[in-house]
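These numbers were taken from a predicted model, which means no experiment stands behind them. As the structure lists them, so they are numbered: ligands from 1, and atoms in each ligand from 1.
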Amino acid sequence: MLIDGKQIASEIRSEIRDETTQWVSEGNRPPYLAVVLVGDDPASASYVRGKARACQECGIGSDTIALDSSTSEKELLDLISKLNTDSEVDGILVQLPLPSQIDDQKVISAIDPSKDVDGFHPVNIGNVVLGRPGFTPATPAGIMELLRRSGVEISGKNAVVLGRSNIVGKPVLNLLLQKGTDATVTICHSRTRNLPDVVRNADIIIAAIGRAHFVTKDMVKPGAVVIDVGINRIDDDSRERGYRLVGDVDFDNVVSVASKITPVPGGVGPMTIAMLLRNTLDAARRKA
Ligand code: BQF
């Protein structure tokens, strides 16, 4: 069975839009997200456009501040500090990756944690680890929400996460481990021995390694739930753009053994955007 992330994300956006309307009807100004885009990476620009469009759909204000690829770290840090003190700004999002002259971690650490709607600030990462309130990174939050809304039982199950990134692997590990969620979690990466054997033991597979079609049918236990976080471009001359997007899972073959599986596109991606909007609305409410 397909887990339709596009549909579920659309339902969540409609809930957020209703809550935002309610918030504004109580006399508050609309939530506001400042998006910072540095450089001219086409994928980043496209993600940022998608985020701005989603904000608009939900009644959340947003502007994209587009900076030249030659922007210095100091210039970016100055902008962040201005946005931190601007009382009209509820959320700050710096689109990653940043150009090589800028230290991502330094910039993320400069964002006021109460405005860090991406949930990448060390304080917010720490709160996720401790199971305390804070901002949860959008993709891991989206994965958990997909599992919840698809009725996937997690408690006591073996979850295997492929990939140990700070943005997906490590935070989703902590969310799956949370009290009340109670998965038994294993993280695999490029140095994992007998990786296919480890993955075959999984009731829930979270694939976030960034390699097209990495998870093959023989690695998937019949009935497992498969969440595909990968977004890989592969050449496709039959497409106008010359490429198509595929996940980290060999969907066409795995679909017949999985009990539930997310497609790419239209799986986790739209949920990432929905969770960003959720965090932005929460940032506005928490401030008040
Ligand atoms: C879909 C991202 C890698 C590196 C930096 C919808 C998105 C993607 C796919 C999207 C991503 C990936 C984002 C779909 C934001 C997810 O329909 O399948 C939405 O916009 N994403 C990002 O901002 O930075 C990234 C992946």
Side-chain angles (χ1 to χ4, degrees), residues 2-13 16 33-58 60 62 64-67 91-100 102 104-105 107-108 111 116-120 135-146 150 161-172 206-214 226-234 236 239 241 243-249 251 261-280:
L2 205 67
I3 300 179
D4 189 345
K6 193 173 169 191
Q7 173 61 33
I8 295 171
S10 160
E11 287 164 20
I12 294 171
R13 289 198 305 276
I16 293 169
L33 174 68
V35 179
V36 182
L37 173 64
V38 187
D40 41 26
D41 174 54
S44 291
S46 139
Y47 294 143
V48 162
R49 280 195 302 275
K51 292 170 188 182
R53 203 183 316 119
C55 281
Q56 197 176 18
E57 180 192 341
C58 295
I60 295 172
S62 92
T64 299
I65 304 161
L67 303 176
I92 302 170
L93 181 155
V94 178
Q95 182 65 39
L96 301 181
L98 291 167
S100 57
I102 303 176
D104 293 18
Q105 273 316 319
V107 171
I108 290 165
I111 299 172
D116 169 41
V117 289
D118 254 343
F120 295 159
F135 293 111
T136 306
T139 300
I143 292 167
M144 299 309 291
E145 196 63 27
L146 269 187
S150 312
V161 178
L162 293 140
R164 53 175 155 182
S165 73
N166 292 332
I167 288 172
V168 182
K170 286 182 199 167
V172 84
I206 314 281
I209 16 160
R211 295 231 249 135
H213 295 163
F214 182 86
V226 179
I227 305 294
D228 191 349
V229 190
I231 301 181
N232 307 290
R233 290 180 175 204
I234 63 171
D236 186 343
R239 301 293 172 102
R241 316 171 282 191
Y243 67 88
R244 71 191 155 94
L245 298 179
V246 302
D248 291 349
V249 175
F251 181 92
I261 184 167
T262 62
V264 175
V268 175
M271 293 296 291
T272 297
I273 310 290
M275 295 300 110
L276 167 68
L277 303 172
R278 161 64 59 204
N279 280 350
T280 304

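- Between the CD1 atom in Ile234 and the CG atom in Asn232 there is a gap of 8.5 Å [rounded to 0.5 Å].
- For atom 26 (C) of ligand 1, the nearest non-hydrogen atom of the protein is Tyr47 OH, 3.6 Å.
- Taking only nitrogen or oxygen atoms, main chain and side chain alike, Gln95 reaches within less than 3.5 Å of ligand 1.
- Annotation: Gln56, atom CD; neighbour count of heavy atoms from other residues, nucleotides and ligands within 6.0 Å does not exceed 12.
- For ligand 1 and Pro265, the ligand atoms under 4.0 Å from any heavy atom of the residue are 1 (C), 17 (O), 18 (O).
- Residue Gly269 holds the heavy atom nearest to atom 7 (C) of ligand 1 of all those in Gly50, Gly269, Ala43.
- For atom 16 (C) of ligand 1, the closest non-hydrogen atom on the protein side is Ile231 CD1, 4.0 Å.
- Side chain of Asn279 to backbone of Thr136: a donor-acceptor contact under 3.5 angstrom is found.
- Per-residue contacts place Lys51 under 4.0 angstrom from the following atoms of ligand 1 (heavy atoms of the residue considered): 22 (C), 23 (O).
- By the criterion of a heavy-atom distance under 4.0 Å, neither the backbone nor the side chain of Val264 is placed next to ligand 1.
- Scanning all heavy atoms of the two residues, the minimum distance from Ile16 to Arg278 falls at CD1-N, 3.6 Å.
- Judged purely by atom type and a 3.5 angstrom limit, Thr280 uses its side chain to pair as donor or acceptor with the backbone of Leu276.
- Formation of a donor-acceptor pair under 3.5 Å by the Asp248 side chain with backbone atoms of Asp228 is not found in this model.
- At a heavy-atom cutoff of 4.0 Å, ligand 1 is contacted by the side chain of Ile273 but not by its backbone.
- For Gly266, a nitrogen or oxygen atom sits less than 3.5 Å from a nitrogen or oxygen atom of ligand 1, counting backbone and side chain alike.
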Quick one: do Ile143 and Met271 satisfy side-chain contact (heavy atoms from CB on, under 4.5 Å)? Show the steps, please.
-> CA-CA 7 Å; Ile143 292 167; Met271 293 296 291; over 6 Å; no
